[in-house]
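First the structure, in the form of structure tokens, and then the observations on it.
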Amino acid sequence: MSDTDENDLVAQRRQHLQELRKSGNAFSNKFRRDSLAADLIEQYGEKSKEELEQNPVKVAVAGRMMTRRIMGKASFAHLQDMSGQIQLYIRRDDLAEGVYNEGFKKWDSGDIIGATGIVMKTNKGELSIHVDSILLLTKSLQPLPEKFHGLTDQETRYRQRYVDLIMNEETRNTFKIRSQVIEFIRSYLKDVGYIEVETPMMHVIPGGATARPFMTHHNSLDMDLFLRIAPELYLKRLVVGGFEKVFEINRSFRNEGLSARHNPEFTMLEFYQAYADYEDLMNLTEEMLRKLTLAIGGSNEIVYQAETYDLSRPFDRMTVLESILKYNESISLDDLQSLDTIRKLAQQLGIPLEDSYGIGKIQIEIFEKTVETRLLAPTFITQYPTEVSPLARKNDDDPFVTDRFEFFIGGREIANGFSELNDPEDQAERFRKQVAEKDAGDIEAMHFDEDYITALEYGMPPTAGEGIGIDRLVMFLTDSPTIRDVILFPHMRNKS
RNA sequence: GGGCCGUUAGCUCAGCCGGUAGAGCAGUGGAUUUUUAAUCCAUUGGUCGCGCGUUCGAAUCGCGCACGGCCCA
């Protein structure tokens, strides 16, 4: 796109613009529309040609001219606005002198125009506007992609999302649904008593997850800062402060590779509720997702990548160990509970092991390798090992595991939640273990957050919390195979 | 990080056993007062991703790089 000035098509359009500048304001902002394409079709689309002729309705529309068919003294054009498209029927003799030949016929597809006229039906039955005045509002200098095949090159679709949005209704739809999903969640949580908050994105100590952070620097304070990897520890500070039901929907950042499921910045919902446990949140999640799918698509059945998912049925629930046994017939419970045998098992599965890995960590490695992608139907996996859950409350009966769950659908992790660890001494001990792992070379291990411990020492009520990956949820609801399809401007390498 | 595939006109794509690059759409000129991938006639448009090599000759073969896609870790 750097050679735009050398492109003939652009040069021609620049020439058109020069001529427009001579004859007046080439970027007029005086025109006001009173109707959107989709509303007109909704309101008048079912009416007959004769009905519309007998009761003429005058409207003003504006948008981008997507196609144009000139047939001598009459033309058709399709106008696209934020709601959809509507056809214009334009006759030379209905317009002011010269507008048709000196104006309209010299405009280009992609130009932004405004038009007024009477709602009509063509002989072929398409609702249209019989135009009586038409005005160029913005000159488009870049030619649009081809009208039939559109823009299909994935790289261009991501790098120049604006062109993708102009050309592909599917893309527009995906992002409208994304907006609806967030809107629904927001109002759902507010309806059950949550308040929305915003916590820092720049952290002195990156916490709340095990991940590599991005670093930045505050110049006047001469201080290194980290972009947050999760809002968790700040949200729980708010629970200590008495905000007993809080949520935040916003970006977190993780300095990791890119994939169909990973973008360095991504959107998470995190919510925390005092006097609740992880089972309460599983129930809330199940109900919220059920209502969400109904609100978005009018059905609990979701088709994702040719598989149909029915969210009206109760979601499956099983423990980590149960799920490993279910999907690995050759593995026994005893195998998973002895360090010697589980290490051998992991090695047989080709899982690279560090000396520091305990039984719990290896169980999760085996789970991720052999179970995760097979969890197609909506499933809560529970009882994650304490070793891999440094912020979660230990199970009262079995301190080897925590009262934690992750939610899977379509073989993909969507959510992670647990009863929160609110014992400050236990939490301090867990942090110390993380720091030891960090010192041993685990770059993803957590820091010791003293202020967070202090907050817990003031007393955090028994609380449950959860994070839901909004991007992945939207992928599922929009049948998108990669996360780039649900992020407006996904991260890309610099092009040359 | 590894494997495979791709990168040619504004867009969508052919061409690839080496011989000076093509189509459709868009654009331009002409015809056309109900078309809708409008139609008909004519026509413009290219550093074939970048670099190096092989060769008399490279879009085409080889190597390297960049970017993208899919799969794997």
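Atoms considered below: every heavy atom in the structure, side chains included; atoms not considered: hydrogens, waters and symmetry mates. Chain identifiers are assigned alphabetically (A, B, ...) following the order of the sequence lines, protein sequences preceding nucleic acid strands; residue numbering begins at 1 within each chain.
Here the C1' atom of nucleotide B:rG29 and the CG atom of A:N101 are 15 Å apart, to the nearest Å. The interatomic distance linking A:L151 (CG) with B:rC25 (C1') rounds to 14 Å, in whole Å. Separating the CZ atom of A:R157 from the P atom of B:rC67 is a distance of 21 Å, rounded to the nearest angstrom. Residue A:F148 contributes atom CZ, which lies 16 Å from atom P of B:rG24 at whole-angstrom precision. For the pair A:L88 CG and B:rU36 C1', the computed distance is 13 Å after rounding to whole Å. Atom CG in A:D153 sits about 10 Å away from atom C1' in B:rG69, given to the nearest Å.
The base of B:rU35 is paired with the side chain of A:Q87 by a donor and an acceptor separated by under 3.5 Å. Judged by distance alone with a 3.5 Å cut-off, no donor-acceptor contact links the side chain of A:T67 to the base of B:rU36.
Within the shown strands, nothing qualifies as a pairing partner of B:rU32 under the Watson-Crick or G-U definition with both distances less than 3.5 Å. In a base pair of the Watson-Crick type (N1 to N3 plus N6-O4 or O6-N4) or a G-U wobble (N1-O2 and O6-N3), with each distance short of 3.5 Å, B:rG53 is matched with B:rC61. Of the nucleotides present, B:rG27 is the one that pairs with B:rU43 by Watson-Crick or G-U wobble criteria, both distances under 3.5 Å.
With B:rU33, B:rG69, B:rU36 as the choices, the nucleotide that has an atom nearest any side-chain atom of A:K124 turns out to be B:rU36.
A salt bridge is absent between A:R261 and A:D471; no separation between the charged side-chain nitrogens and carboxylate oxygens falls under 4.0 Å.
Mapped onto RNA chain B by nearest heavy atom, A:P143 and A:W107 fall at different nucleotides, with A:P143 at the one closer to the 5' end.
What you find for A:Q383 and A:V320 is that their closest heavy atoms are O-CG2, 3.7 Å.
The phosphate of B:rC67 (OP1 or OP2) has a side-chain N or O of A:R493 nearer than 4.0 angstrom. Taking only side-chain nitrogens and oxygens, A:R159 never comes nearer than 4.0 Å to OP1 or OP2 of B:rC67.
As judged by a 4.0 angstrom heavy-atom cut-off over every strand, A:T152 is placed among residues touching the sugar-phosphate backbone only.
In summary, the side chains of A:Y100 and A:S75 do present a donor paired with an acceptor at a separation below 3.5 Å, with no hydrogens or angles considered. Checked by atom type, the side-chain pair A:D164/A:T171 shows a donor-acceptor distance below 3.5 Å.
Between A:F476 and A:Y309, the distance from one ring center to the other falls under 6.0 angstrom.
Using atom P as the reference point in both B:rC70 and B:rA37, the two lie 31 Å apart (nearest Å).
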